[in-house]
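Take a look at the structure below.
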Amino acid sequence: MNGNQYTYMGTFYTIGYALFQIPGTLAVTRVRPSLYLFVNEIGWGIFTFAQAGAKTYNQMYAFRFMVGVFEASFFPSILYLMGSWYNKHELAKRIAIFHLSGSLGTSFGGYLQAAVYTTLDGVHGIGNWTKCKNRTHMLVNYRWLFIVCGCMTTPCAIGLLLVLPDLPSNTRVWYLSQEERKFALERSIALGRSQPGEKELNWTLIKRMLLTWKWYGLVLGYVVYGSSCQNTSYFAIWMKSAGYSVVERNVIPSCSYLISALCIFLWGFGSDLTGSRFAFVFGPLFYGLLPTGILAFWPKNKDLILFAFMTGGVQLMTAVFYTWANELLADDNELRALTISSMNGLQYSVAAWLPIVIFPQTIFRRGFPGTFGLVIAGLRKFLSRKSFQW
């Protein structure tokens, strides 16, 4: 597999993921989230398994697209749900824990990939390497990895069905008593949270979206911020070009995910503790000038480049950003769901084409000055208090 084919696989996944963000998140304002997300998780698992049987790049592109479709609703829907239950002193830390679980999972994934690569190749006649029909390239399938990941998906789907509490207005979860459910709904209303169904899900929602600065400000700010975080995606590719082994390319980046997880945790807890959203959005992004600046100027010192990739995740303040979005739109339930999914979906829409434009794998260094500029643009946007009303 060459570098551009690797990028295309990611792009097809991103297209599916971006297209189904908004409809999926709006669906959970009308359908029980535990049931809706359970069905999506099962579809996610089916197409994860399907990737293990792919024979051509085109098949992989199709399967990656479908994985993106079924995965799309999960992240924004959980953010929307959390914003329906918690107050301003509780929300950021809980979104941070949810977000850092993804970083920890990715970190664990590096060790899992290394273990699969070294121990399961050829077991039961299933190899990690198969030839494409045109025989011009070798396709790295990591077939056992897809099988293992698919096996992990079904228990997660069952867990969603049994444990996810849905919304305060429709929760039926077994571990909450009737009194606790009543209290949760009353507290949500007392916090000024609009409840599902108070406003119709029709074209008036689009009108409300277009007439408020909040949708524009949040979406534009998140797209710029999210696009500035592209650098770490190319850590493993740089390591390969620098001569690191396959196992090192899987294990070493996992340490950067642990650093990211720690920072996500600190920013979320610090924001709830101090009550400041601005400080814990602007501060981490300001630090991002250092690693993105190093990569933009690409020094000859290999250790500096390694440092930049390892600490690039320090600027991740996603949990605080989504907390702020939930709080700003608490009085309009459907617009809150639409805005949260728009933030994530439109950022991924940009991510579907931006890497191809500025990060061609054959000369991926060309993209780093661009992400450095995006960090600067993001900082300027967040300093505009008149626009963002911090």
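We count residues from 1, following the sequence as given.
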Would you find more than 12 non-hydrogen atoms of other residues, nucleotides or ligands less than 6.0 Å from K199 atom NZ? yes
Measure across I264 and L316 and return the closest heavy-atom pair with its distance rounded to 0.1 Å. CG1-O, 3.9 Å
Say whether, by atom type as modelled, one donor and one acceptor occur between the side chain of R249 and the main chain of W238 under 3.5 angstrom. no
V375: which of V224, N231, T292 passes side-chain contact (heavy atoms from CB on, under 4.5 Å): T292
Flag, side chain of T25 to backbone of I22, donor-acceptor distance under 3.5 Å: no
Spacing of Y86 atom OH and D272 atom CG [to the nearest 0.5 Å]: 11.5 Å
For the residue pair Y80 and N333, establish whether any side-chain heavy-atom pair is separated by less than 4.5 Å. yes
4.5 Å side-chain heavy-atom contact, D332 and T339: no
Contact between P196 and V28 at the side-chain level, heavy atoms closer than 4.5 Å - yes or no? no
So does F146 get a backbone contact from the side chain of T48, meaning a donor-acceptor N/O pair under 3.5 Å? no
Taking every heavy atom of S342 against every heavy atom of V219, the minimum-distance pair comes out as CB-CG2, 3.9 Å
For the backbone of R208 and the side chain of T212, can you confirm whether one donor and one acceptor N or O come within less than 3.5 Å of each other? no
Roughly how far, to the nearest 0.5 Å, is OG of S245 from NZ of K240? 12.5 Å
Under the criterion side chain to side chain contact (heavy atoms under 4.5 Å, CB included), I'd like the reasoning laid out for D166 against S34: C-alpha separation, chi angles, the key distance, then a yes or no. CA-CA 6 Å; D166 297 322; S34 57; 3.0 Å; yes
Tell me if a side-chain donor or acceptor on E186 pairs with a main-chain N or O of F183 at a distance below 3.5 Å. no
Can you find a heavy atom in the side chain of W267 that is under 4.5 Å from one in the side chain of V314? yes
Can you tell me how far CG of L306 sits from CE of M239, rounded to the nearest 0.5 angstrom? 7.0 Å
Compare every heavy atom of P76 with every heavy atom of N344, then report the nearest pair and how far apart it is. ND2-CD, 4.1 Å
Mark yes or no: R64 above the aromatic ring of F12, with NZ or CZ under 6.0 Å from the six-membered ring centre and no more than 45 degrees from the axis. no
Hydrophobic cluster identity match, L185 and L164, side-chain contacts under 4.5 Å: no
Find out whether S188 and W85 are in side-chain contact, i.e. whether some heavy atom of one side chain is under 4.5 Å from a heavy atom of the other. no
Residues A92 and R277: closest non-hydrogen pair is CB-NH1, 3.6 Å
Any donor-acceptor pair under 3.5 Å from Y17 side chain to F70 backbone: no
Fit a plane to each ring of F286 and F282, take the angle between them on a 0 to 90° scale, and name the class: parallel (under 30°), tilted (30 to 60°) or perpendicular (over 60°). parallel
Backbone N or O of G83 within a donor-acceptor pair of the R193 side chain at under 3.5 Å? yes
For N170 and L167, indicate whether the former's side chain and the latter's backbone hold a donor-acceptor pair under 3.5 Å. yes
Using only heavy-atom distances, determine whether the side chains of N202 and T204 contain a donor-acceptor pair under 3.5 Å. yes
Start with the C-alpha distance between R336 and S84, add both sets of side-chain angles, then the distance that settles side chain to side chain donor-acceptor pair (under 3.5 Å), and finish with yes or no. CA-CA 10 Å; R336 179 164 63 89; S84 302; 2.8 Å; yes
Are L211 and L201 grouped together when hydrophobic residues (ILVMFWY) are joined by side-chain heavy atoms under 4.5 angstrom apart? no
Going through the checks in order, is the side chain to side chain contact (heavy atoms under 4.5 Å, CB included) test met by W324 and L91? CA-CA 9 Å; W324 180 58; L91 184 56; over 6 Å; no
Considering only heavy atoms from C-beta outward, does the side chain of L289 approach that of L379 to under 4.5 Å? yes
Hey, do the aromatic rings of Y61 and F65 have their centres closer than 6.0 Å? no
Hey, what do you get for CD1 (I358) to CH2 (W353), rounding to the nearest 0.5 Å? 8.5 Å
Between CD of E198 and OG of S169, what distance do you get to the nearest 0.5 Å? 9.0 Å
Of F368, F307, F309, F372, the residue whose pairing with I294 passes side-chain contact (heavy atoms from CB on, under 4.5 Å): F307
In Å, rounded to the nearest 0.5 Å, how long is the span from CZ of F75 to CD1 of I340? 9.5 Å
Side-chain contact, heavy-atom cut-off 4.5 Å: L218 with L329? yes
Give a yes or no answer on whether the side chain of W44 reaches the backbone of T154 with a donor-acceptor pair at less than 3.5 Å. no
Is the backbone of G68 close enough, under 3.5 Å, to the side chain of E71 for a donor and an acceptor to pair up by distance? no
Within a strict 4.5 Å, meaning less than it, do heavy atoms of the Y225 and T318 side chains meet? yes
Out of curiosity, does L262 fall in the hydrophobic cluster containing V281 (side-chain heavy atoms, cut-off under 4.5 Å, transitive links)? yes
Grouping I, L, V, M, F, W and Y whenever their side-chain heavy atoms are under 4.5 Å apart, do L162 and L81 come out in a common cluster? yes
Give a yes-or-no answer on whether the side chains of Q315 and S228 include a donor-acceptor pair shorter than 3.5 Å. yes
Determine, using the 4.5 Å side-chain heavy-atom cutoff (strictly less than), whether W213 and L210 are members of one ILVMFWY cluster. yes
Taking E334 first and then R30, would you say they form a salt bridge - that is, a charged N and a carboxylate O separated by under 4.0 Å? yes
Measure from the ring center of Y222 to the ring center of F321 and say whether it is less than 6.0 Å. yes
Restricting to non-hydrogen atoms, name the atom on G268 and the atom on A96 that form the minimum distance, rounded to 0.1 Å. CA-CB, 3.8 Å
Check step by step if side chain to side chain contact (heavy atoms under 4.5 Å, CB included) holds for I78 and L37. CA-CA 10 Å; I78 296 297; L37 295 179; 4.1 Å; yes
Heavy-atom nearest pair, F280 first then M317, reads O-CB, 3.2 Å
Do F269 and L266 pass the side chain to side chain contact (heavy atoms under 4.5 Å, CB included) test, and can you show the C-alpha distance, the side-chain angles, and the key distance before you say yes or no? CA-CA 5 Å; F269 274 68; L266 291 176; over 6 Å; no
